[in-house]
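Report on one structure; see the data block that follows.
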Amino acid sequence: MKAILKNSGGVTKQVKVGFSWTTFFFGFLPALFRGDLKWAVIMLIIEAVLGSFTLGIGSFVTGIVFSFVYNKIYIKELIEKGYHPANDESRALLESKQIISNVA
């Protein structure tokens with residue numbers, strides 16, 4: 001499922017809602033390619049630290065956890081930066097996934 005977000009300057013972004021397969025397979029790289037440097041560094045550090053102490057198993061578990069939450073984190077940060085749902089379908093999708101409240 002994808003939602004379309006738009007900012008006041010007219011820039012639109014199509015974002016995936018739900019499980020992040022790209023984060024599952026590629027770890028911190030999708031965040032890096034999206035320009036989300038803060039979360040790319042956070043994921044890299046957590047994966048490196050946990051992976052070094054657990055012979056890589058901690059890195060795998062961290063990747064699974066971030067796969068479930070990263071898209072939601074990314075969308076919330078875009079909303080904080082001034083993006084909003086571009087249409088009613090996107091708003092309904094984000095409300096149903098409890099990313100935004102229906103009061104807005």
Side-chain angles (χ1 to χ4, degrees):
M1 294 177 283
K2 293 187 178 183
I4 300 171
L5 299 177
K6 185 176 182 179
N7 71 5
S8 60
V11 177
T12 60
K13 290 192 180 217
Q14 188 175 18
V15 293
K16 187 173 180 306
V17 179
F19 189 82
S20 175
W21 285 102
T22 54
T23 301
F24 179 76
F25 288 114
F26 303 110
F28 70 95
L29 291 175
L32 184 64
F33 293 141
R34 289 178 180 176
D36 191 3
L37 297 179
K38 177 178 90 172
W39 282 101
V41 169
I42 289 170
M43 284 190 259
L44 176 63
I45 290 171
I46 292 173
E47 288 176 2
V49 169
L50 292 179
S52 66
F53 290 119
T54 61
L55 303 174
I57 296 170
S59 178
F60 179 70
V61 171
T62 302
I64 292 172
V65 170
F66 273 113
S67 297
F68 281 99
V69 298
Y70 178 65
N71 282 339
K72 186 173 185 176
I73 291 169
Y74 180 65
I75 292 169
K76 284 188 173 191
E77 288 197 358
L78 285 177
I79 290 171
E80 288 175 7
K81 291 178 182 177
Y83 283 83
H84 58 277
N87 53 38
D88 292 334
E89 293 83 19
S90 295
R91 177 173 294 283
L93 176 60
L94 296 177
E95 287 174 356
S96 71
K97 297 294 183 178
Q98 298 176 348
I99 297 173
I100 61 173
S101 64
N102 57 5
V103 178

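Only heavy atoms go into these numbers, but all of them, side chains included; no hydrogens, no water, no symmetry mates.
The side-chain contact (heavy atoms from CB on, under 4.5 Å) search around Lys97 returns Met1, Val17, Leu93, Ile99, not counting sequence neighbours. Residues satisfying the side-chain contact (heavy atoms from CB on, under 4.5 Å) test with Val41, not counting sequence neighbours, are Ile45. The side-chain contact (heavy atoms from CB on, under 4.5 Å) check on Ile64 picks up Phe24, Phe60, Phe68, with sequence neighbours excluded. Under the rule for a side-chain hydrogen bond (donor to acceptor under 3.5 Å, both in side chains), the partners of Asn87 that lie at least two apart in sequence or sit in another chain are Ser90. By the side-chain hydrogen bond (donor to acceptor under 3.5 Å, both in side chains) test, Glu77 pairs with Lys38, Trp39, sequence neighbours left out. Shown here are the ring-ring contact (aromatic ring centres under 6.0 Å, His included) partners of Phe26, two or more places apart in sequence or in another chain: there are none. When the side-chain contact (heavy atoms from CB on, under 4.5 Å) test is applied to Ser52, no partner is found at least two apart in sequence or on another chain.
With values rounded to the nearest 0.5 angstrom, Gln14 atom CD is found 10.0 Å from Leu5 atom CG. From His84, atom NE2 reaches atom CG of Leu94 across 12.0 Å, with rounding to the nearest 0.5 Å.
Contact of the Tyr83 side chain with the Val11 side chain is registered, since non-hydrogen atoms from C-beta on lie closer than 4.5 Å.
Listed by first and then second residue, the side-chain hydrogen bond (donor to acceptor under 3.5 Å, both in side chains) pairs that reach into residues 59-71 are Arg34-Asn71, Asp36-Tyr70, sequence neighbours excluded. A salt bridge (charged side-chain N to carboxylate O under 4.0 Å, His left out) check over residues 5-19, counting only residues at least two apart or in different chains, returns nothing.
Tracing side-chain contacts under 4.5 Å through hydrophobic residues (I, L, V, M, F, W, Y), one reaches Phe19 starting from Met43; they form part of the same cluster. When the side chains of ILVMFWY residues are joined at heavy-atom separations under 4.5 Å, either directly or via intervening members, Leu50 and Val65 end up in two distinct hydrophobic clusters. The hydrophobic cluster containing Leu44 does not contain Ile57, counting ILVMFWY residues as joined when their side-chain heavy atoms lie under 4.5 angstrom apart, directly or transitively. The hydrophobic clustering, which links ILVMFWY residues whose side-chain heavy atoms are closer than 4.5 Å, places Leu29 and Val61 apart. Clustering ILVMFWY residues whenever any of their side-chain heavy atoms sit less than 4.5 angstrom apart, transitively, puts Phe66 in the very cluster that holds Trp21.
Hydrophobic clustering, defined by side-chain heavy atoms of Ile, Leu, Val, Met, Phe, Trp and Tyr closer than 4.5 Å, leaves Ile4 isolated from every other such residue. Grouping Ile, Leu, Val, Met, Phe, Trp and Tyr residues whose side-chain heavy atoms lie under 4.5 Å apart, directly or via other members, leaves Leu55 alone, with no other cluster members.
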